[in-house]
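Read the structure below first, then the notes.
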Amino acid sequence: MAQEDLFKKLVAHCKEYGFVFQSSEIYDGLAAVYDYGQYGVELKNNIKKYWWDSLVLLHENVVGLDSAIFMHPTIWKASGHVDAFNDPLIDNKDSKKRYRADVLIEEQMAKYEGKINKEVEKARKRFGDTFDEDQFRATNPRVLANQEKLDALHGRFVKALNDSDLDELRQIIVDQEIACPVSGSRNWTNVRQFNLMFSTDMGSTSESSNKIYLRPETAQGIFVNYLNVQKSGRMKIPFGIAQIGKAFRNEIVARQFIFRMREFEQMEMQFFVPPGTELEWFEHWKQHRMKWHRTLGFGDDMYRFHDHDKLAHYANAATDIEFKFPFGFKEVEGIHSRTDFDLESHQEYSGKKLQYFDPETNKNYVPYVVETSIGVDRMFLQIISAAYTEETLKKEDGSTDSRVVMKLPSALAPVKLAVFPLTKKDGLPEKARTILNEMKFEFNCQYEEKDSIGKRYRRQDAIGTPYCITVDHQTLEDDTVTIRYRDTMEQERVNITSLLQIIKEKVNMSNLLRQL
Ligand code: ATP
């Protein structure tokens with residue numbers, strides 16, 4: 001299936017099965033804002049738990065925080081966001097559509113990369129087992145020509161970004177003959193900087209009101225609290241503070257569903273380290289975070305690191321973990337070595353000392369910080385796009401059937417267990433409810449008695465329920481039920497008394513955590 005079609009189907013599936021809805025839909029929606037439905041919120045909560053537990057439960061020196069969205073406005077001056085949290089925007093004069101200039105150029109680079117990969121794949125098919133990819137890439141004229149164009153463009157782009165040269169960004173778009181996807185024209189405006197922060201007023205009268213910002217990242221709440229946490233928790237460096245919370249960005253282009261939203265949620269951890277050790281810790285957290293992703297079992301080749309072309313004003317090393325979405329490899333998480341930029345700056349703007357006293361060396365210093373920052377919503381999109389599967393099934397009579405199944409890791413599935421009475425009579429519903437009432441204290445369960453068992457299985461497959469059990473007449477005689485496994489569709493007869501143990505073992509979050 002074409003990846004674009006897959007993505008459309010995924011978006012439709014999310015709506016049909018109560019994962020994600022457009023915000024304010026009855027008023028024709030609000031651009032780039034989404035609501036999570038009954039299954040979406042469960043999946044989201046499970047993702048957050050997986051992240052939180054992997055840091056706060058598994059690391060003695062990582063603790064949590066929940067800071068407010070509203071903060072003193074000077075914080076955003078100190079952090080550099082008032083002056084530098086900008087994206088370069090460009091408008092197409094014919095379609096009146098707005099784009100991020102850097103994204104247009106990045107997409108152009110991805111096109112060259114796509115051409116190269118196509119040649120490689122064609123050759124791989126042609127040569128079979130004898131194919132030597134490195135040699136092919138180093139010698140094939142078409143690959144070399146595209147690689148040369150890509151390298152030249154990349155070099156020019158990085159320089160323009162680092163010089164904040166907006167005219168050059170526009171010139172690259174013109175020289176590369178990049179056209180507006182809507183109008184098809186190359187009639188572009190100049191490139192301008194656009195600040196992404198939302199602001200509002202706090203205070204009841206206009207004289208006393210104060211312009212404040214909706215936080216564009218959760219990290220600053222951690223920085224301004226780091227000494228509170230360190231002192232009250234008697235934390236010793238190195239230590240980390242983890243936080244999950246909403247962030248807001250007035251994104252210029254909000255496309256691709258929940259990939260880029262104006263209101264979204266972040267899971268961020270700031271890890272405070274002695275100056276000079278930050279690059280070691282950066283490497284440590286890079287590997288740890290990649291493992292966290294790969295443990296979900298969607299395939300190691302679905303992820304890659306992508307080092308930043310332009311370092312943010314606060315960083316001395318930065319990389320992204322990218323996931324292969326249906327629309328290509330894109331960032332899901334950033335790992336940044338933020339130096340002492342933020343703490344030094346808050347020290348300066350607030351006039352308060354933010355130094356840590358190291359009891360071992362008897363010295364005061366401002367710690368350096370390594371950050372891991374991931375969007376909950378992007379992680380959600382990663383998981384559902386990897387889990388969404390369409391299958392053709394062969395029936396016993398030779399005919400075919402199909403199903404859509406969300407192959408979610410069991411620990412993350414919104415509903416863990418569905419309980420079905422075979423029929424609505426003969427005491428089967430009562431028996432099924434007795435089982436459900438026992439299980440519901442342990443995990444999210446559902447009861448369904450409407451429609452055939454086959455239809456009920458399909459509905460549970462569509463929301464990713466890993467286990468369904470059916471209560472039939474034999475259950476009344478010997479206390480056994482059939483358990484049906486989502487991915488293999490195999491069924492097994494088990495005793496009710498062993499049910500809780502079987503399922504608990506399989507859906508437990510610790511199964512994932514133990515692999516980290
Ligand atoms: P991008 O380059 O895609 O705009 P970014 O580099 O600005 O992202 P960071 O500031 O590093 O992103 O934010 C950390 C994480 O927060 C990202 O990896 C992403 O998962 C998430 N995130 C950032 N912006 C958005 C958004 N508008 N919608 C959803 N998630 C987002």
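Counting convention: from 1, in listed order, for ligands and their atoms alike.
- With hydrogens and angles ignored, the 3.5 Å screen pairs a side-chain donor or acceptor of Trp188 with a backbone N or O of Ile178.
- Between Phe298 and Phe323, the distance from one ring center to the other does not fall under 6.0 angstrom.
- Near Phe259, meaning under 4.0 Å from any of its heavy atoms, are these atoms of ligand 1: 28 (N), 29 (C), 30 (N).
- Taking a cut-off of under 4.0 Å to the non-hydrogen atoms of Glu333, the atoms of ligand 1 that pass are 18 (O).
- Considering both main-chain and side-chain atoms, Gly375 comes within under 3.5 Å of ligand 1 through a nitrogen or oxygen pair.
- Ring geometry, Tyr226 versus Phe239: the interplanar angle falls under 30°, so the pair is classed parallel (tilted spans 30 to 60°).
- The closest approach between Glu263 and ligand 1 stays at or above 4.0 Å for every heavy atom of the residue.
- Within the 4.0 Å heavy-atom criterion, the part of Gln266 lying near ligand 1 is the side chain and not the backbone.
- Nearest protein heavy-atom neighbour of atom 2 (O) of ligand 1: Glu331 OE1, 3.7 Å.
- Counting heavy atoms from C-beta outward, Glu263 and Ser23 have side chains that stay 4.5 Å or more apart.
- Between Phe70 and Thr200 there is a side-chain heavy-atom pair separated by less than 4.5 Å.
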Just distance, no hydrogens or angles: give the donor-acceptor pairs under 3.5 Å from side chains in residues 29-37, sequence neighbours left out.
from  : atom 1 : to     : atom 2 : distance (Å)
Tyr36 : OH     : Asp377 : OD1    : 2.6

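- In summary, the atoms of ligand 1 found under 4.0 Å from a heavy atom of Val332, numbered by their order in the structure, are 18 (O), 19 (C), 20 (O).
- In this structure, Glu148 has no side-chain hydrogen bond (donor to acceptor under 3.5 Å, both in side chains) partners at least two apart in sequence or on a different chain.
- Looking at Ile252 and Tyr99, their side chains never come closer than 4.5 Å, going by heavy atoms from C-beta outward.
- At a 3.5 angstrom cut-off on N or O pairs, Asp377 does not count as close to ligand 1.
- Between Pro216 and His81, some side-chain heavy-atom pair lies under the 4.5 Å cut-off.
- Heavy atoms from both the backbone and the side chain of Arg260 come within less than 4.0 Å of ligand 1.
- Ligand 1 is never approached by Lys330 to a heavy-atom distance shorter than 4.0 Å.
- Remark: ligand 1 and Met261 share an N or O pair separated by less than 3.5 Å (distance only, no angle test).
- Which parts of ligand 1 touch Glu251 is read off a 4.0 Å heavy-atom cut-off, strictly below it: atoms 24 (N), 26 (C), 27 (N).
- The heavy atom nearest to atom 10 (O) of ligand 1, considering only Arg249, Glu322, Glu217, is found in Arg249.
- Not a single N or O atom of Ile258, backbone or side chain, sits closer than 3.5 Å to an N or O atom of ligand 1.
- In this structure, Lys286 is positioned above the aromatic face of Phe305, its NZ or CZ under 6.0 Å from the six-membered ring centre and within 45° of the axis.
- Neither the backbone nor the side chain of Asp320 has any atom closer than 4.0 Å to an atom of ligand 1 (non-hydrogen atoms only).
- Ser373 OG, 2.9 Å is the protein heavy atom nearest to atom 14 (C) of ligand 1.
- A heavy-atom distance below 4.5 Å is found between the side chains of Arg262 and Asn250.
- Looking from atom 30 (N) of ligand 1 to the surrounding protein, the closest heavy atom is Phe264 CD1, 3.5 Å.
- Heavy-atom contacts of Arg100 reach the following atoms of ligand 1: 4 (O) (cutoff under 4.0 Å).
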